[in-house]
Amino acid sequence: MKRVQMIMLFIISFASLLISLKLFWNFGIFVDEYNLSPAIVNGGDFWLTMDWMRLLLLFVLSMITGFGIFKKETIEMERAKK
C-alpha cells in the first residue's frame, strides 16, 4: 500500500477511535446520571460487549496502521541502500 494511503487510513481509523471514545464517555455519563445499567441502555449484554469490541478493534486498527506507516518507511530505506 502506498505511504499516503496508509497515512490516510491511520487518520481515519484514529479519528473514528476518538469519536467512539467520546460517545462511550457520554454514554457512561448518561448511565450514571439516570442510575441505569449500560446493558439496559444498549439493549442487552451482547450489544454492550459489541460496544467494547468496537473500541478494541478501532484501537487495534489504529495501532496496526500507525506501525505500518513506519515499517513501510524502513523497508523502502533498506531497498534504497541496495
Side-chain angles (χ1 to χ4, degrees):
M1 200 180 267
K2 293 183 183 177
R3 183 170 166 79
V4 175
Q5 291 173 337
M6 197 68 150
I7 291 171
M8 291 296 294
L9 186 60
F10 172 73
I11 291 171
I12 292 169
S13 63
F14 190 70
S16 297
L17 176 64
L18 291 179
I19 292 167
S20 291
L21 284 172
K22 182 61 177 171
L23 288 172
F24 202 71
W25 180 268
N26 288 340
F27 169 73
I29 292 172
F30 172 80
V31 166
D32 185 47
E33 286 180 356
Y34 288 93
N35 293 325
L36 296 171
S37 166
I40 291 172
V41 176
N42 268 338
D45 288 329
F46 175 76
W47 293 112
L48 178 61
T49 305
M50 290 301 108
D51 223 0
W52 281 104
M53 287 296 296
R54 176 176 41 108
L55 289 175
L56 177 67
L57 291 174
L58 283 171
F59 176 74
V60 169
L61 179 64
S62 296
M63 295 300 290
I64 289 171
T65 55
F67 289 140
I69 291 170
F70 297 110
K71 184 178 179 184
K72 183 82 170 170
E73 183 178 278
T74 56
I75 291 172
E76 289 175 359
M77 291 174 80
E78 289 175 8
R79 286 182 186 167
K81 289 180 183 178
K82 293 179 181 180

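Count residues from 1 along the sequence. Bear in mind that the values here come from a model prediction, so they are computed numbers and not experimental data.
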Answer yes if M53 and I64 sit in the same cluster of Ile, Leu, Val, Met, Phe, Trp and Tyr residues linked by side chain heavy atoms under 4.5 Å apart, and no otherwise. yes

Should we say atom CE of M50 is surrounded by more than 12 heavy atoms from elsewhere, each under 6.0 Å from it? yes

Any side-chain heavy atom of L18 within less than 4.5 Å of one from F14? yes

Transitively linked via ILVMFWY side-chain contacts under 4.5 Å: M63 with I19? no

Of all the heavy-atom pairs spanning S20 and R54, show the shortest one and how long it is. OG-NH1, 2.9 Å

Is L17 linked to F67 within one hydrophobic cluster, defined over Ile, Leu, Val, Met, Phe, Trp and Tyr using a side-chain heavy-atom separation of less than 4.5 Å? yes

What pair of heavy atoms forms the shortest contact from I69 to M6, and how long is it? CG1-CG, 3.7 Å

If you take all heavy atoms of S13 and T65, which pair is closest and at what distance? OG-OG1, 3.5 Å

Which atom pair, heavy atoms only, marks the closest approach of F30 to V41? CE2-CG2, 4.0 Å

Approximate separation, where rounding is to 0.5 Å, of S62 OG and I11 CD1: 11.0 Å

Would L58 and L21 show up in the same hydrophobic cluster when neighbours are defined by side-chain heavy atoms closer than 4.5 Å? yes

Considering residues at least two apart in sequence or located in another chain, which fulfil the ring pair (Phe, Tyr, Trp, His ring centres under 6.0 Å) criterion with F24? F27, W52

Side-chain heavy atoms under 4.5 angstrom apart, residues restricted to Ile, Leu, Val, Met, Phe, Trp, Tyr: same cluster for L56 and F46? yes

Interatomic spacing from CG in N42 to CG in L36 - rounded to 0.5 Å: 11.5 Å

Which heavy atom of A39 sits nearest to which heavy atom of L48, and what is that distance? N-CD2, 4.1 Å

